[in-house]
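When a ligand or atom number is given, it counts from 1 through the structure's own listing order. As the structure is a prediction and not an experimental result, all values here were calculated from the model.
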Amino acid sequence: MAKESDRDAGDTDAAKTRELIADNIRRIEEMLRFLPLADSTVNDLRSKIGLLRTILLEQRAPAFALVGRRGAGKSSLVNAIFGAKVAEIGHVKSQTGRGRWFEHTSERGSLEILDTRGVQEGSAPREADAAKDATASIVVELKKKVPDVIVFLVKASEADSAIDADLEALERVYAELEREHRFRPPLVAIATHCDVMDPKRVQLHDQANQSPEEVEEKLARVAEVEHHLETKIKEHTKLAPHLVWTRGVSTYMSFGKDDAVRADERWRIDELLTTLFKHLPDAGRGTFVRIARVRELQDELASNLTRATAAICAGVAALPIPVADVIPITTLQVTLIAGIAWLSGRPLDRKAAAEFLGAMGVNVGFGFVFREGARALIKFLFPGGGSMISGAVAFAGTLAVGSAARSYFLRGATIDEAKAAFDASREKPALAPAKAGSEEDFEKRSGDWDIN
Ligand SMILES: Nc1nc2c(ncn2[C@@H]2O[C@H](COP(=O)(O)OP(=O)(O)OP(=O)(O)O)[C@@H](O)[C@H]2O)c(=O)[nH]1
Ligand SMILES: [Mg+2]
């Protein structure tokens, strides 16, 4: 009972937070119309606001089509992305003949997966029929939704057997997408089950503790498989232009009765996740980094968000407005904190921002973070204050807030360390001229500070 009402409260707060963020973004967009900046700068700021909106308010589930034979490791790949058991693996009997979109969900977000089980099974005549049906069912599914990326999976031990039929099925998938949606998604090819290649006992996920010669031997075999797979795909002229990555991997994880992780022998999955991330549109990237929990990817997106927010804040500061009216700037900084907390896997609500600001010494009530928090932040960011905030100061102050939030939420820094990161970043604007930011000043400054 209590749990239920907690969740309701959380949902309501998340909805309220989204509303506040949307309001603020709208307000900032209004202000842009009055900016004394060149059109090109204003357009650039508009696209940065677009990024904020996409990352914070318009996320959707990333969509992947997984094409591979029965047992290739499609379900295991889904689990490997989540790092948890969300899909059933190792069906004794595969549900041959059906391709279907599935939504796999954790509390951090959802993935849309087109599971093409059984599509390329053509060895026995009966199975050839099933394969035909399977391809037909996939074609139906592709009309419903376009995958962002197609992943072709083949067992490493089967990569040099007849995979031509698999690749022909894949070509039909591409032809259908082109016909139906005029879109050909990037193709990622992976050879799975690399861990069981010879020498079998060499554990690829734990190379430091293996015999170096044997590791080398195994990696050479993996490289051979990769080369073969890539060559084969490139022979198919309709696939070749879309191939972006070919690697051997291991997606092996094993789960106990309570779905707890019993063994994790994933190898090169971070590289694979980075590749998938790179080829996703921004609308899926936020969700993806929350699910995949690769620190570097979360941080890359947090860094983009920080830079975009800093530029917008600097732009707004170019308006000749007194400090009392710069609430939208500081509200945007609070939004940035909430956004970075969200990328780390926390819910998008005011709690995380309140907790962070409180710990940083900005005293605000939880319920008021976006308004009162913003007011208190002015004093915190600009102690002593002037009557104006220059673009340079707004820019550097925002970078400092983002840098501290990234340390705290993404790198597991203590609040003291986060504060130190904040102070270190903030020292720079103290050296900056305290005049109102001109366009020239803004442009010069915005290129200056690249924090990581
Ligand atoms: N050693 C090893 N086993 C793997 C790997 N990937 C998957 N497996 C195992 O292979 C079996 C089949 O994997 P699934 O993920 O169920 O394969 P699938 O492609 O979803 O199979 P269907 O749903 O039947 O089409 C399971 O027992 C997995 O644990 C891998 O990289 N290495
Ligand atoms: Mg499966």
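Contacts of Asp195 classified as salt bridge (charged side-chain N to carboxylate O under 4.0 Å, His left out), with partners at least two apart in sequence or in another chain: none.
Using the six-membered ring where Trp is involved, His242 and Tyr174 have ring planes that are parallel, under 30° apart on the 30 and 60° scheme.
Taking distance alone, with nitrogen or oxygen atoms compared against 3.5 Å, Ala72 approaches ligand 1 more closely than that limit. Among the atoms of Glu88, none of the N or O lies under 3.5 angstrom from an N or O of ligand 1. Any N or O atom pair closer than 3.5 Å counts here, and Arg70 shares no such pair with ligand 1. Looking at ligand 1, you'll find an N or O of Ser76 within less than 3.5 Å of one of its N or O atoms.
Every atom of ligand 1 with a heavy atom of Asp195 under 4.0 Å away is listed here by number and element: 1 (N), 2 (C), 30 (C), 31 (O), 32 (N). For ligand 1, the atoms closer than 4.0 angstrom to any heavy atom of Val196 are 1 (N). Residue contact check: Thr251 has heavy atoms under 4.0 Å from atoms 5 (C), 6 (N), 7 (C), 30 (C), 31 (O) of ligand 1. Listed by atom number, the atoms of ligand 1 under 4.0 Å from Gly73 heavy atoms are 7 (C), 13 (O), 14 (P), 15 (O), 17 (O), 18 (P), 19 (O).
Residue contact annotation: Gly71 has a non-hydrogen atom under 4.0 Å from ligand 1.
Among the backbone and side-chain atoms of Ser75, an N/O/S atom is found under 2.8 Å from the Mg ion (ligand 2).
With a heavy-atom cut-off of 4.0 Å, Ile89 touches ligand 1 through backbone and side chain alike. Under 4.0 angstrom from ligand 1, the non-hydrogen atoms of Arg69 all belong to its backbone.
Annotation: Lys278, atom NZ; neighbour count of heavy atoms from other residues, nucleotides and ligands within 6.0 Å does not exceed 12. Other residues, nucleotides and ligands contribute only 12 or fewer heavy atoms inside 6.0 Å of the NE2 atom of His227. Under a cut-off of 6.0 angstrom, the local environment of CD in Glu216 is sparse, with at most 12 non-hydrogen atoms contributed by other residues, nucleotides or ligands.
For the residue pair Thr246 / Glu226, no side-chain donor-acceptor distance below 3.5 Å is found, with atom types taken as modelled. Side-chain contact annotation: Arg266 with Ser250, donor-acceptor N/O pair under 3.5 Å absent.
For residues 151-161, every residue pair satisfying the salt bridge (charged side-chain N to carboxylate O under 4.0 Å, His left out) rule, not counting sequence neighbours, is listed here: Arg69-Glu158.
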